[in-house]
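As structure tokens, the structure follows; a few thoughts come after it.
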Amino acid sequence: MSINEKQIEKGFEYAKERYAAYGVDTNAAIERADAIAVSMHCWQGDDVIGFDGTGELSGGIATTGSYPGRARTPGELRQDINAALSFIPGKTKLNLHASYAEKNGKTIDRDAYTIEQFSGWLDWAKENGLGLDFNPTYFSHPMMDGDFSLASLKEDVRKFWIEHGKRCREIALEFAKGLNQPCAVNYWMPDGFKDTCADTRYYRELMTRSLDEIFAAPIDKELVPCSLESKLFGMGVESYTVASHEFSLGYAIRNNLFYTLDSGHFHPTEYISAKISAVLCYLDKILLHVSRGVRWDSDHVIALDDELQRIMDEILWNGFESRVFIGLDFFDASINRVMAWAIGMRNARKAILSAALAPIEAIRKAEREEDFSSRLALLEERKTLPSGAVWDYYCHTKGVPVGENWIKQAKTYERDVLSKR
Ligand code: RNT
Ligand code: ZN
């Protein structure tokens, strides 16, 4: 039985009173949560295949599952993204990979792309009032040297990928100007070895030299913040990753770039929520790839779990919303892909809203007074405050389906569109 307007209002009134007792202004929290941008990754819609490469995913990452309805063309992908967006409230951007270029019959490769190959995406973003973020694609391409790109021993390979890295900054600048908002560019390179590397230093020197070339041209950092994404290991790249955590963070700090924390790129007992305020002592901004690893870097759809909540608490409670670009990074081919997006994006926004609603002043007061029992008690009480009722009201006012109502609509889309592919 689905909820009606009267029930939504009633729930909201009750929630407002509960929060007000803690001194929390519910309407102000909604406004704050609504304005925080979340970048939805385009690659959930087609199992990270893209339109310009080998047609097979490489680079130590993989999708599993064969649910019907994968988007096969830019038109299908945009149609699916629009369907997902109809279920998602709040400020949203689209995070695009360079492999989603539209060549329109032209012979042109990743080292020479210009805004021309992405004008379809730019126009679509304008029409839909969305910002764009961007990623060079260092995988699924014949110029990859195994899993190596910027740190390849082969000069022509490095050169090709350096040019690609440069082009992506230029394209991002066009996106930023065209949409009148920053376009963050995330650099992730899978470069590394399956087995023990002897010359660990040499590949890092090559990587450093390639990155230095990519970032040599002065491009406005406010409009085009560039970031390095570190990684612990990939599939078939288990023993050595050139752009590891220490490498990427160090390079970013020294070269005034940004750093991307991906939830799946650390040892399973490490949490990126614990790293945010630490790395922001040394960096102006960071990017997040919010993901969910199940036993390993499996990129499951993000659930509304403790770590997702902790990430958003860290951002909002520390007032970091202008310094953290929130992006999602998961790819599940075993379920309806549009629903995967909607589940993950709705969860991200729910967690942001809950962070904005939390009685942090009271919790902080207890901490300052060294009353750690009250701090823990309040943190636990917070978990059962009625943020769900506020979420329902928020969805209602934003014109997106309340509660589970979106599932039926998504299933209709599956029946009418996805299942016909
Ligand atoms: C891979 C990285 C990277 C990719 C995307 C497709 O482990 O997380 O961010 O998932 O670029
Ligand atoms: Zn990632």
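All values below were derived from every heavy atom in this structure, side-chain atoms included, with hydrogens, water molecules and symmetry-related copies excluded. Counting starts at 1 for both ligands and their atoms, following the listed order.
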Going by distance alone, is a donor N or O of one side chain under 3.5 Å from an acceptor N or O of the other, for [X] and [Y]?
X      : Y      : value
His289 : Thr260 : no
Tyr251 : Asp212 : yes
Asp313 : Gln309 : yes
Thr63  : Asp47  : no
Tyr67  : Asn336 : no
Arg292 : Ser298 : no

Minimum heavy-atom separation for Thr241 and Phe233, please, with both atom names. OG1-CA, 3.7 Å

Positive for ring pair (Phe, Tyr, Trp, His ring centres under 6.0 Å) with Phe118, one of Trp124, Phe134, Tyr100: Phe134

Counting heavy atoms not belonging to Lys408, are there more than 12 under 6.0 Å from its NZ? no

Are any protein N/O atoms closer than 3.5 Å to the N/O atoms of ligand 1? If there are, list each pair with names and the distance to one decimal place.
| from | atom 1 | to | atom 2 | distance (Å) |
| --- | --- | --- | --- | --- |
| ligand 1 | 7 (O) | Lys231 | NZ | 2.6 |
| ligand 1 | 7 (O) | His265 | NE2 | 2.9 |
| ligand 1 | 8 (O) | Glu229 | OE2 | 3.0 |
| ligand 1 | 8 (O) | Asp262 | OD2 | 3.0 |
| ligand 1 | 8 (O) | His265 | NE2 | 3.0 |
| ligand 1 | 8 (O) | Asp329 | OD2 | 2.8 |
| ligand 1 | 9 (O) | Glu229 | OE1 | 2.7 |
| ligand 1 | 9 (O) | Glu229 | OE2 | 3.2 |
| ligand 1 | 9 (O) | His289 | ND1 | 3.1 |
| ligand 1 | 9 (O) | Asp329 | OD2 | 3.1 |
| ligand 1 | 10 (O) | Asp329 | OD1 | 3.1 |
| ligand 1 | 10 (O) | Asp329 | OD2 | 2.8 |
| ligand 1 | 11 (O) | His97 | NE2 | 2.7 |

Which protein N, O or S atoms sit under 2.8 Å from the Zn ion (ligand 2)? Glu229 OE2, Asp262 OD2, His289 ND1, Asp329 OD2

